[in-house]
Number of protein chains: 2
Amino acid sequence: MVTLRDVARETGTSYATVSRALNGKSRVSPVTQKRVLEVARRLGYRPNHAGRVLQSGKTNTIGLILPCYGDPHHNEVAQTIQEEAWQRQHELMTVSFEMDPNRERTCLANMLQRKCDGVIAYLARLTPVEELIRRFWEQRLPCVVLGLPHDVHDTPVDGIGLDLVAGIEQVIEHLVGLGHRRIAMVVDRIASSGSIRDRVLLFRAGLRRAGMQDCSRNILFQPSTGDTVQDGYKSADRLLREYPDVTAVIAMDDRMAAGMIRRLYELGRKVPDDISIVGTDDMWIARTLVPSLTTIQFSPEKIGKTAIEIFFDRLDRKTWEQPKRIVLPTTLVVRESTGPAKSG
Amino acid sequence: MVTLRDVARETGTSYATVSRALNGKSRVSPVTQKRVLEVARRLGYRPNHAGRVLQSGKTNTIGLILPCYGDPHHNEVAQTIQEEAWQRQHELMTVSFEMDPNRERTCLANMLQRKCDGVIAYLARLTPVEELIRRFWEQRLPCVVLGLPHDVHDTPVDGIGLDLVAGIEQVIEHLVGLGHRRIAMVVDRIASSGSIRDRVLLFRAGLRRAGMQDCSRNILFQPSTGDTVQDGYKSADRLLREYPDVTAVIAMDDRMAAGMIRRLYELGRKVPDDISIVGTDDMWIARTLVPSLTTIQFSPEKIGKTAIEIFFDRLDRKTWEQPKRIVLPTTLVVRESTGPAKSG
DNA sequence: ACAGCAAGTGTAAACGTTTACGCATCCGTT
DNA sequence: AACGGATGCGTAAACGTTTACACTTGCTGT
């Protein structure tokens, strides 16, 4: 491994000068600088990250914590964040806890060891990691939680929520307008995102508000196999068996909807003629499926950009008085998978 | 920030003892250890990663470099790698260069600063980063390249390739057996994976071997929008216009195939009745689409596990004589998107 | 009773950087 | 001619760890 000292020896200067020449923050004579740069390149010098971090306290790295690789919506958010981070000369490093609460804790704890300057995270649930979250705040480390569930108004943490109230309201309105009266929601038992629990609650509230009874029975909990599509596939069978009179379904996300549509197709049920399906997240697949999916859209760009904004605001030590909470709007995108309720 | 010294002061010992107590590698009296652990917990001590790395030279982290978040196949591989890494007490940190050759270089260069113990990487092309790759080898840092293109037999690097020769052979055989004589391949102009170029070459060779003429015209290069599905969507229009007599298409990957199928559906063309489509990668979407996709399957588990195996083999300084190259088999999964060629 | 050994702990050095401080040197001004 | 300031660079300290080494105990075996 080539160090500053090696470069210094070869150049005939002190290693302080080499450091200065390479960083360009302090004054060095042009002649020396040129020589240093040349020697450094020739020797293949790379600054040691650990040494640099230890000294400067800055990693120039943002940690992104995801519940799983493979959620297209999260990936799109990651992409935006990556883009913004890159523009501000920061690196993005992503870790996934694969829906394992254990690993979720570990990931957060790891980040507290100063592996990065702060964190942006989708978390499954907040309460089990609240203590860790508090640490971030106390140590003045930026921590932005995405898809913030409603049950954590007291934890001191920045977050970006989604206006699910409005979103679900719109869906129900849309479906009711199409004549649907018996609507169900299909959900993974191990929810990938913290907001799933909220979705269930809000769905119930929405149904009640729309004047439908028997709301509590309208949630189909599908045991999770770890493969959301598969869960959707299986839930279609259960739906037909256990909720035979339902005419419209809201799926936890678009992957689940995709699995359901596939199974319904195999079983000879037509979407939306026999049953209407609404997805969530507006993943790329929603536009592509046949039929294309009616879905609740959250703008990944907006989420990513807002997250980065809050992050760098904190990083620049602006203020640490109050947690920032931003709620982003949702849009219902109507496509082919919803239609008039089957009469009868 | 709480350091070893803080804990030592509070415990009334030296910081060396604290370190020993916490790591448990050296002998400490049970009494002291217990007290140290308790104080450490009370103060909320977290070992500083940079300090630890600087001293020990070990990061216990594997770097995973991907061309983009959002490729489902890569994500599945990432998942397996994550799993294996976790079992061996290593963390996985993922970075994506979003198909930007510039960032690709930067990512690799960053990893050379010892941010992690080594790297597993999908690279777009090897030649532009060959110099960096060589550095890994020289510094005895594990570097496993996935989806290894065929043109880099001389670079000293470990790699896992896929038996595309056999894969494409099988596809052509399958299609020819169904009576197809005019087959095209559709490809992104900016290929996401290094092996795309190979796929094109091997496809041509395969056609030639199968006795078809005019092979050179059978590749449709679709300018990339960065959204592979969109590219597939657009390429369907071009295909019908520019290659009207083609009866079967091999798509660069399943997302592209999905886009094509969607567009063909909108244009009233039936798959596979009017045109057969073959995908690549066997992403989750392949099983879910209507019609489900005939596709070339690479086992993500196998790729991930093999990569990890090679990685840790290197890490334990076994041998550094020769690059390891492993070629994994491919399987053709026949589903609904291919059928008999339309006669006439 | 004393050598020898093991267990437990403290001291100090190292890992590779950045940067405050201080010392030369050089130039321009009086 | 002498002085002041700017410029360039070397010295040293610091960041938080781990660990080799040495030192004190207390114990065993002769």
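Order of the sequence lines sets the chain letters (A, B, ...), proteins ahead of strands, with each chain counted from 1. Worth knowing before you read on, the calculation uses all heavy atoms, side chains too, and leaves out hydrogens, waters and symmetry mates.
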By side chain to side chain donor-acceptor pair (under 3.5 Å), which residues pair with [X], not counting sequence neighbours?
| X | result |
| --- | --- |
| A/E301 | A/S299 |
| B/S29 | B/T32 |
| A/E309 | none |
| A/T106 | none |

Got a sec, which pairs hit ring-ring contact (aromatic ring centres under 6.0 Å, His included) with one end in residues 42-73 of chain B, sequence neighbours left out?
B/H73-B/F298
Could you list where the contact with chain B starts and ends along DNA chain D, reading 5' to 3', using a 4.0 Å heavy-atom cut-off?
D/dG16 to D/dA20
List for me each residue that meets salt bridge (Lys or Arg N to Asp or Glu O under 4.0 Å) alongside B/K324, sequence neighbours excluded, and say none if there are none.
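Only B/D313 meet the salt bridge (Lys or Arg N to Asp or Glu O under 4.0 Å) criterion with B/K324.
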Taking salt bridge (Lys or Arg N to Asp or Glu O under 4.0 Å) as the definition, give me every residue that meets it alongside B/R134, ordered by chain and number, with sequence neighbours left out.
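Expected list: B/E130.
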Among residues 34-56 of chain A, which ones have heavy-atom contacts with DNA chain D below 4.0 Å?
A/L54, A/Q55
What parts of residues 3-24 of chain B reach DNA chain D, counting only heavy atoms under 4.0 Å away?
B/T3, B/L4, B/R5, B/Y15, B/A16, B/S19, B/R20, B/N23
Side chains of B/E98 and B/S96: donor-acceptor distance under 3.5 Å anywhere?
yes
Are there over 12 heavy-atom neighbours, none belonging to A/Q87, within less than 6.0 Å of that residue's CD?
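Enclosed.
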Would you say B/Q89 has more than 12 foreign heavy atoms packed within less than 6.0 Å of its CD?
no
In this structure, how many angstroms lie between the C1' atom of C/dT9 and the CD atom of B/Q33, rounded?
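Checked: the CD to C1' distance equals 14 Å.
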Between the axis at one end of the helix from C/dA1-D/dT30 to C/dT30-D/dA1 and the axis at the other (five pairs apiece), what's the angle to 10 degrees?
50°
Tell me what B/T32 touches on the nucleic acid: a base, only sugar-phosphate, or nothing, going by heavy atoms under 4.0 Å.
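The residue B/T32 makes sugar-phosphate contact but no base contact.
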Only distances under 3.5 Å count here; give the side-chain donor-acceptor pairs of residues 54-64 of chain B to other protein atoms, sequence neighbours excluded, each with its distance to 0.1 Å.
unit_1, atom_1, unit_2, atom_2, d
B/S56, OG, B/R52, O, 2.9
B/S56, OG, B/K58, N, 3.2
B/S56, OG, B/K58, O, 3.4
B/T59, OG1, B/T61, N, 3.2
B/T59, OG1, B/D117, N, 3.1
B/T59, OG1, B/D117, OD1, 2.7
B/T61, OG1, B/T59, O, 2.9

May I ask you to say whether B/E104 pairs ionically with B/R125, meaning some side-chain N is under 4.0 Å from a carboxylate O?
no
Taking 4.0 angstrom as the limit, do A/R135 and A/E131 come out as a salt bridge?
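Yes.
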